[in-house]
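The figures that follow rest on heavy atoms only: side chains count, while hydrogens, waters and symmetry mates do not. Residue numbering restarts at 1 for every chain, and letters A, B, ... go by the order of the sequence lines. Everything numeric in this text was worked out from a predicted model, so none of it was measured.
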2 protein chains.
Amino acid sequence: MSDANPAQSRDAEYLAKLQDYYADWKSIPSYAALCEVFGIASKSWVKAILDRLGEAGFLERTPDGMWIPTRQFFARPLAESSVPAGMPVTVSETQGEYFVIDEMLIDTPSKTTLITVKGDSMMNAGIHDGDVAVVEKRNLANVGDIVVAIVDNEFTLKTLDKERGKFVLRPENPAYPVIRPQGTLEIFGVLVGLIRKYRK
Amino acid sequence: MSDANPAQSRDAEYLAKLQDYYADWKSIPSYAALCEVFGIASKSWVKAILDRLGEAGFLERTPDGMWIPTRQFFARPLAESSVPAGMPVTVSETQGEYFVIDEMLIDTPSKTTLITVKGDSMMNAGIHDGDVAVVEKRNLANVGDIVVAIVDNEFTLKTLDKERGKFVLRPENPAYPVIRPQGTLEIFGVLVGLIRKYRK
DNA sequence: TATCGTAAAGAACGGGCGTTCTGTTGTCAA
DNA sequence: TTGACAACAGAACGCCCGTTCTTTACGATA
């Protein structure tokens, strides 16, 4: 039985070196290369280290046996605004360099598009002019979803709703009218995320 | 000489599949595994594809020969919702306005923190409960900036304003009172971005 | 002094991986 | 109908990679 405490022994050093390497190369190298990275000479010990880091939850393996980093490997400081304590601002010194916002918002890159929002018709849903919508392309959506539809050859972002058995597009701003498409409603994609950048 | 046009042939499909795979596993698999991913049967053709994607700038190799993604690999196409024309939905061929979300929102990783927003006191600024605020840590801000301040040992997100020569924190929701701190106002950071994720 | 346990070193091995070469198929132009 | 080319398929090979086993060094413990 080891002490089961993950990154408290010398493994913490090895983890740090691995994180630095990964920041440079975005991959976990072969055991032979890891010998150089870690500064040790035996592949078997490298394997032992990686096995422990795996058990500790920093690494896992693909179905075909490759080592890959886990979410914990990137461990960003994400504070909750409710945290009461004095100054939890530690924000993890040094090797960060890798916010995985992308991963948070995007599941299937090939089906995801970014669209800049124009106008204030979705104001009350907290979607403003200039925001960037993260849209997953598909043509099926549920009532209540915010969708990107194609109306008059333009993209439009609205809430999908149903009125007397027919689909309609409802803006989230009383100043705009509900869109009741005649014929079929062409849905381009579904809103899965939103990004806003404040000018510096 | 090939036509030198990168992701315009069928390679675009292969790139998309690779991107999706990478989103799942954060690694580029062996040629054998790539055969399954791409749906082809010959390793030599897989190598040819990766070589071309490498030339096109989507992949590169580590010193020891492993394939790794480049920045371009993570770039997403950005469309403007105003685009009027027929169907420019072609995912903007070639390099039109690609960008990477992380880079867009974060200038200096070491000074940037993510904070989950609690409550609806900034409702009218389009900032909702559960949104993630991208905050750049510094203690100087201008009137009008949205800042994270420390009040009563808690983070609070408010607009910085001035009243009769003194700084105050103004919520963007009439149901909440303006905060008029006695003594100094401790500013933790300035809001530079906002992220929202819609449940699937 | 003897006995552990930890932290490695080092050898040995079998298989999988990347590479290269050679075929095969379909399509289009001339 | 021929030829050229693109898009793969398939085999063959040598080396490197991951795994396992054995051995060494060293500090703590008793």
side-chain N/O B:Arg10 vs D:dA6 OP1/OP2, d < 4.0 Å:
no
I need the OH-P distance between B:Tyr31 and D:dC15, as an integer number of Å.
19 Å
Residues two or more places apart in sequence or in another chain: which of them pass salt bridge (Lys or Arg N to Asp or Glu O under 4.0 Å) with B:Asp145?
none
Select from B:Ile49 and A:Asp51 the residue whose nearest nucleotide in DNA chain D is closer to the 5' end of that strand.
B:Ile49
Tell me which nucleotide among C:dG10, D:dC17, C:dT19 gets nearest to the side chain of A:Ser30.
D:dC17
From CD1 of A:Ile40 over to C1' of D:dA25, roughly how many Å is that when rounded to an integer?
16 Å
How long is the line joining CZ of B:Phe38 and P of D:dA9, in whole Å?
13 Å
Quick one: side-chain contact (heavy atoms from CB on, under 4.5 Å) partners of B:Ala48, sequence neighbours excluded?
B:Trp45, B:Arg52
Set of residues satisfying side-chain contact (heavy atoms from CB on, under 4.5 Å) with respect to B:Thr70, sequence neighbours excluded
B:Glu60, B:Gln72, B:Phe73
How does protein contact run along nucleotides 20-25 of chain C, one letter per nucleotide 5' to 3', with B for base contact, S for sugar-phosphate only, - for none, heavy atoms under 4.0 Å?
BB----
Would you be so kind as to tabulate the donor-acceptor pairs closer than 3.5 Å made by side chains of residues 169-177 of chain B, with sequence neighbours excluded?
residue, atom, partner, partner atom, Å
B:Arg170, NE, B:Asp161, OD2, 2.9
B:Arg170, NH1, B:Glu172, OE2, 3.2
B:Arg170, NH2, B:Asp161, OD2, 3.4
B:Glu172, OE2, B:Thr159, OG1, 2.8
B:Asn173, OD1, B:Ala175, N, 3.0
B:Asn173, ND2, B:Asp120, O, 2.9
B:Tyr176, OH, B:Asp120, OD1, 2.5

By nearest-nucleotide position on DNA chain D, the 5'-leaning member of B:Trp45 and B:Asp64 is B:Trp45
Pairs flagged by salt bridge (charged side-chain N to carboxylate O under 4.0 Å, His left out) wherever residues 38-50 of chain B is involved - sequence neighbours left out:
B:Lys47-B:Asp51
Roughly how many Å is it from CG in B:Leu50 to P in C:dG18, rounded to a whole number?
10 Å
Over all strands shown, is B:Tyr14 touching base, sugar-phosphate only, or nothing at heavy-atom distances under 4.0 angstrom?
sugar-phosphate
Could you state the CH2-P distance from B:Trp67 to C:dG18, rounded to the nearest angstrom?
11 Å
Output the rounded distance in Å from CE (B:Met66) to C1' (C:dG18).
12 Å
Measure the acute angle between the ring planes of A:Phe188 and A:Phe155, then classify it against the limits of 30° and 60° as parallel, tilted or perpendicular.
tilted
